[in-house]
Every structure is written in structure tokens, then in C-alpha cells.
Amino acid sequence: MPPQTQSKPKTTLTSFLRRAPGPPSSELTSDPFVPLPPSSTPFRGSPAPPPRVLAVEIPLSTLRPIAFRVFTKKHNLTLKSDALTLLCQFVGRKCGADWRDSGAGEKLLDEVARRWKRTEVAGKILVDGGEALKTVLKGMDVPAAADRPGLSRSNSSLLETGAEIPSSMLMGGGAEPDVEMAEEERDEIEDGVDPAEFFKVVDAFDQPKIVYSAVKKMFERGQKPSLFPPPAAKTTLFRSRYHTLHSRLLRNESFLAPTYSKSTASAPTSNYKLTPISALLGRAGKNFLLFGMLGHSPSGTLSLYDPTGDITLDMTVAQPVPDTNANWFCPGMFVILDGVYEEDGRFTVYTALSPPPERREISADIYGHVDFLGTGITLDMSSANHGGQQGRIMRKLEAALTHVQWVAAGELALDVPRTFQALRQLFTHYADDPPMLFILSGNFSSIPIAPGDANSIRGYKETFDTLATLLADFPGICTHSTLLFVPGDNDPWASHFSGGSATAFPRKSVPEVFLNRVKRVAKNVRCSSNPCRLGYFTSEIVVCRDDVVSRLQRSAIRFSKPPVEDMEMEGDNAAGPTQTPTPAATAVGTEDITLARKLVKTLLDQGQLSPFPVSKRPVLWDFAPHTLSLYPLPTALFLVDPSTQPFTVTYEGCHVMNPGRCVLRHTARWIEYAPARGKGVVIEEGF
């Protein structure tokens, strides 16, 4: 038997594997169908071209296990024999004799699989040796000088000519964002690139429905969502969340079998196994690890649900891992429970753990071909390991535009006079150097708009007219900045039916009829849904306005305090999967730092903006699976919650910011976010 290559190591929760980039493209190739340049002698002072690769013949039996691991295990594709034959010839021609020892063959197969999933329909998982695969392979044979995809987002393009773009970005090099650039090159990019061309607001009701298929083990485009879906959509909502989190959980190193590790030395001695609830029958007195959703049974007892059944929980001695200040546990959330199945059918819980998240870079290794926002930017473009030349250039452009700033302010009750004093202070701060974007979040009224009350509706419009009068004093902001309005629960028209209570998520934007005068004053005014998503180059930013902390505190499960002797040994004997690091707070008050970390960890672990049952937080059944999802993790999250103090917290690579309430006595507070660095800072100024 020929020796097999070692399988790719699985990533941990606290670090991810950065794969080395593939060999740079060159005009010299071993492809007999590509003509050689007229002269292969380099000019004086120019670097010598790389040596030609000597093609070799690879047996089918040698490449088959590697191709199976890459295409089937990683990308859920099925290879036919004629496709495998074609790949043997292609890998042997492109990589040469050291295709296996250097790892170049596996990287090349991975890139072929990614290009196949980009060019073909999502449902086509059978790879044959027909014209489709030949087209993909021919596209990879094109030299780098000719393979320069446009830098377009939707219908926008950077510049028709590359005269104003630095030449170092167009010659296939493409430095990564963490590479320092010369000051002259940075200035050249700032002068020649308009960041507004690469910025797009994605409304929740326009976002494509990308759902996870448990059968195909991949994300695919679903049917167009409806406001009046069939009753089955309610169960599909929670079933989709379960399968997404379950697949993410099985990729965690704590749940991987030792055979999937890179080497025997790094292989874990044991791995955790999840047991379905239906498999507990007849196995009383044994310890199990369960994964499912917390909920209340019709009799009112706390139970755990998964697709195979449900079981009553006994939380008398249960303790959260790592501690009670790490995250909340509420009905509607998915948890990992460690305990014993009793003879009377109950499950005695010893420890409770939230499912660990997955970094955006790791998700790009698996679902990098998917365009979750429908903007033409796939997930792998945000990863330094993938994305090709277009992704490298866009990441470099994003990192070079250090002057771009976003500003977010929350709870702007325009019917309160002090709010306009705070807004004047905010606009004065940026009058000389206007930021690219202002995110202005509701509630824009301190009281809900009553249905059929003409006076309240007229007064609501007059408050925006007053805002237009204020904006007229700042012509620079009106000309160069984009004003994005995100509604709250008191804003029309949802407040007509809810009276200011929690409305169905996602909710429609503020009717543009109220902002007619604002649009006449400001050049760029956008009204978007709550929540909404922002696409900026390769980054994805989520904006959500919700009083989530108060809802978590009301619904949280209370655990009994552990004995003193158990608390002293908890660090050594705590059972459970590998834990993620504590979220790092970069700018937050000391008294609220624990609350901020607890909030961020709870939401990102659940991968959901609203991890509650529909009785606690109503949602639109057909829109919630994709619009409220936080998987894959976004680049940044603006979580506007006026009930908590402003903070900025980074957790597993996702930067979460809360501007809080804009007006606090005689102080104006907001968040200033720099997309080039992916960091935000809380700013407070008195007025």
C-alpha cells in the first residue's frame, strides 16, 4: 500500500491553523497548451523566474485517499473515476514529484473543490470529468498577469483603469492586512479608492435565505421567505439552529476522534461523544453527554429537546461551566449537559455548558464558497488563507483606508430636547472631518406611536424635521456622510400593534415618508430593518437594536451555589469540553465588564441574536433562520442595548460594540469604529 499523507489537523477553540499560501503564479508553466513567452531570460535587475516543474504521472490509488479526504470529507463532494483520472494528470503536471511531501497537491485539490462549488449550482455534489471540471482546471492554468478579477461589489467597480491603484497590488503579490505598507503607498490608495463603492446595506427582508442542509452537510439557498409561512416553518426554525450548532460542535477538537489529528503525538487521549435522547432508554445509571434545546414541557417542568425526543431535567446539583458569571442559560438556548440517566426517566445534570463558537477563519475553510449576504463577496475572501487575488487586493484596500471612520449612537429619542443637544455635540465633533457612516438607532420616540392617533404621527414627523434643521448646520456631514436609521420598538409601524412591547424580529424600517425633509438636506440617507447587515469590502458587520440583557436576566435559570470544598477543586476536576477564552473587553467600565463579557459570550456561543422561545421573543418564522443567525461569526457586531453601559468587547475574533444610551444627564456618548483596524472606542463628551 502506498503511504498516505497525514490528514489536516482540526482547529482548536483558541487558535486556528494558518495555511501557507500556495506557490505564486508564474508565466512559466508545464502545461503544453500554454505557449512559453518569447524570452525566458530575465532583464538585469529583475528577479529570476521560478524553475519549471517536471510533470510526473500519479497513480489513481495514490491520489484517491487524499482526494476523498478533500472533496468528500471536507467539501461534501463525490468524485467519479473519470474526474479522479483528470485530477491525477492535473496535479502531476502542476506540482511535480514533490506534490505529496510539500503538501502542494492537497492545497491544489482544495482550491479545485472551492472553484467547483463557486461555479456550479449549490446542489450539484457529483464531480465528473466533463466540461465543467475541465473549465475549472483551465481557469487555474491562466497566468497571474491575465487572471485579475474585477474589484466589484454588486454592480460597482473600483476604477475602469488601474492607473490610480498601486502597481504592487495588481502584480499578484497582494500584501495581507497585517503587513505594514509604505506611507506613500497608503496615501496613494486613500486618494484613488472611494470606500463608498465597496459599502452596502443589506436589509433583512432583502437578504438571501441561506440555510443549512443536514442531509447535504452544507449551506444552500432556500426558497424565498414569506410573511405567512406554513406551520412547519416554526419547527424548521429550531431544527435548523440545532443542525447548524451540532455540525459546528462536532468540528471542535474535544469531539473529534483521535484518527483525525495530524500526528499521534498531538492526538487527544480521549474525545467526548454526544448521545441522542432516544438512545438513553434502558441505560439507567450511566453517565451521558447530551446536546439539545432547553424548554418547558406542557406540565411546566424543565426539559431538554433534540430531534429524537425530549427528557425531563433535574437541575438540583447542576453547575455551569466555567462559572455562573460566564454566560446565561435560558429556555430556548442550546446547551451541552453532562449527567446521569435515572431509572424514573429523569436526567440528573451535573454540569451545563454552552456550545463553543467557531472563528470566522475556521468557518471559511469549510463554507468559504458561500455568499451569505448576496453581495458577490464569498466568505473565504475575508480569510487570509483563501480568496485568491481578488480577496488579497480587497483586504489590502480595506487595511489601507485608515481614515475611514464609522460612528454609532443609540436610543435617540427625538421628542426629548436634550437629545438634540447631544446630537449637536456629536455632529460638532466631526464637523471638520466627517466620518463615512453614522448609525443612528432608535427608539426615535420616547413613547410608542399610538394607532390612529394623528397628533402622535404628526409629532413624530416633526421631530425628524427638527433633525433636518440641525443637520443643515453641518454641510460637510450632509455631503460626505451616510446616515443610517435603525428602528426600535416604539417606532412606526410596528408600535401600532405592540404598544412598545417586543415586536416580531426582524422588523421593518422606519417609513421613509417621515424622513422626506432629512433627505432633502442630507445627500445619503438610508432606512434599514432591525437587524440589518453591512458589507464593507470583505467584512460583515451586523447592526441590531434590542433590549436583550433585561430579557436574559428575566429568563435565566438559577443554579444552586456549590459547596465550599467543591469550589476549591473546581479548576482541577471540572468536566466538559475544551473551553473558549474569556471575552476580552477593550473599553468598558470596570463595574460592568462582567456583564458585557457575559452578554457577548451568550449570544456568540448560541450563534443567534434572539436565543429565546417565540413566546418570549416573537420572530418571523421564515426570516429568522438566516437574518438572526450569527454563524459564521461576523467581523463586528453593533448590539445597541440602552439598558447597559457602553462597551467594546472582542470574543473569538468578533468585535462587539454597544453604544448604549446616547444621552446620560449632560453627557453625549457614542462609539467610533475604525473598519481598517476592526476596533471601536467609546467616546463621551459633555454638553
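Just so we're clear, the structure is a prediction, and the values are computed from it rather than from any experiment.
Side-chain polar atoms of His369 and Thr378 form no donor-acceptor pair below 3.5 angstrom. Between the side chains of Glu358 and Tyr631, at least one donor-acceptor pair of N or O atoms lies under 3.5 Å. Defined by atom type and a distance below 3.5 Å, a donor-acceptor pair is present between the side-chain atoms of Thr650 and Lys679. When only modelled atom types and interatomic distance are considered, Glu398 and Ser539 share a side-chain donor-acceptor pair under 3.5 Å. For the residue pair Asp605/Ser354, the side-chain donor-acceptor check at 3.5 Å is satisfied.
Remark: the backbone N or O of Val548 is paired with a side-chain donor or acceptor of Asp641 at under 3.5 angstrom. In this structure, the side chain of Ser550 engages the main chain of Asp547 through a donor-acceptor pair within 3.5 Å. Judged purely by atom type and a 3.5 angstrom limit, Asn271 has no side-chain atom pairing as donor or acceptor with the backbone of Ser254. Side-chain atoms of Ser529 come within 3.5 Å of backbone atoms of Ala204 as a donor-acceptor pair (strictly under, hydrogens ignored). Checking side-chain atoms of Asp371 against main-chain N and O of Gly374 turns up a donor-acceptor pair under 3.5 Å. Put simply, the side chain of Ser555 never gets that close to the backbone of Leu552: no donor and acceptor are under 3.5 Å apart. Listed for the Ser240 side chain is no donor-acceptor partner under 3.5 Å among the backbone atoms of Leu237. Using modelled atom types, no side-chain atom of Ser383 and backbone atom of Asp380 make a donor-acceptor pair closer than 3.5 Å.
Crowding of Lys209 atom NZ: a count of heavy atoms from other residues, nucleotides or ligands under 6.0 Å exceeding 12.
Looking at every heavy atom in both residues, Ser528 comes nearest to Leu484 through CB-CD1, 3.7 Å. Between Leu373 and Pro208 the shortest heavy-atom distance is O-CD, 3.4 Å. Taking every heavy atom of both residues into account, Asp491 and Val510 meet most closely at CB-CG2, 4.4 Å. Counting all heavy atoms, side chain and backbone alike, Gly680 lies closest to His655 at N-NE2, 2.9 Å. Residues Pro511 and Trp493 approach most closely at CG-NE1, 3.1 Å, considering heavy atoms.
Side-chain rings of Phe288 and Phe347 stay apart, their centers remaining 6.0 Å or farther from each other. Taking the six-membered ring wherever Trp is involved, the centroid distance between the rings of Tyr305 and Tyr242 does not fall below 6.0 Å. Aromatic pair Trp406/Tyr536: ring centres closer than 6.0 Å.
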side-chain contact (heavy atoms from CB on, under 4.5 Å) assessment of Leu274 paired with Phe255
CA-CA 8 Å; Leu274 298 176; Phe255 295 89; 3.6 Å; yes
Any chance you could lay out the side-chain hydrogen bond (donor to acceptor under 3.5 Å, both in side chains) test for Asp310 and Ser297, step after step, and finish with the verdict?
CA-CA 9 Å; Asp310 62 276; Ser297 64; over 6 Å; no
Can you check side-chain contact (heavy atoms from CB on, under 4.5 Å) on Val543 and Cys532, steps first, answer last?
CA-CA 5 Å; Val543 181; Cys532 65; 3.9 Å; yes
When you look at Thr648 and Val681, which way does the side-chain contact (heavy atoms from CB on, under 4.5 Å) test go after all the steps?
CA-CA 7 Å; Thr648 61; Val681 60; 5.9 Å; no
Please assess Leu595 against Thr644 for the test side-chain contact (heavy atoms from CB on, under 4.5 Å), listing each intermediate value before the final yes or no.
CA-CA 8 Å; Leu595 181 64; Thr644 60; 4.0 Å; yes
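With sequence neighbours excluded, no residue forms a side-chain hydrogen bond (donor to acceptor under 3.5 Å, both in side chains) with Asn530. Checked against ring-ring contact (aromatic ring centres under 6.0 Å, His included), Phe71 has no partners two or more places apart in sequence or in another chain.
Using a 4.0 Å cut-off between a side-chain N of Lys or Arg and a carboxylate O of Asp or Glu, Asp489 and Arg545 do not qualify as a salt bridge. Here Asp546 pairs with Arg551 in a salt bridge; the nearest charged N to carboxylate O distance falls below 4.0 Å. A salt bridge links Arg360 to Glu540: one of the charged nitrogens lies within less than 4.0 Å of a carboxylate oxygen. Look at Asp110 and Arg114 and you find a salt bridge, because one of the NZ, NE, NH1 or NH2 atoms lies within 4.0 Å of a carboxylate O, short of that distance.
A cation-pi arrangement is present between Lys598 and Trp328, with the terminal nitrogen or guanidinium carbon under 6.0 Å from the aromatic centre and inside a 45° cone about the axis. Taking the ring axis of Phe334 as reference, the NZ or CZ atom of Arg241 does not stay both within 45° of it and closer than 6.0 Å to the ring centre.
A perpendicular orientation is assigned to the rings of Phe372 and Phe219, their planes being inclined by more than 60° (bins at 30° and 60°).
If you take CZ on Arg251 and CG on Leu249, they are separated by 9.5 Å, rounding to the nearest 0.5 Å.
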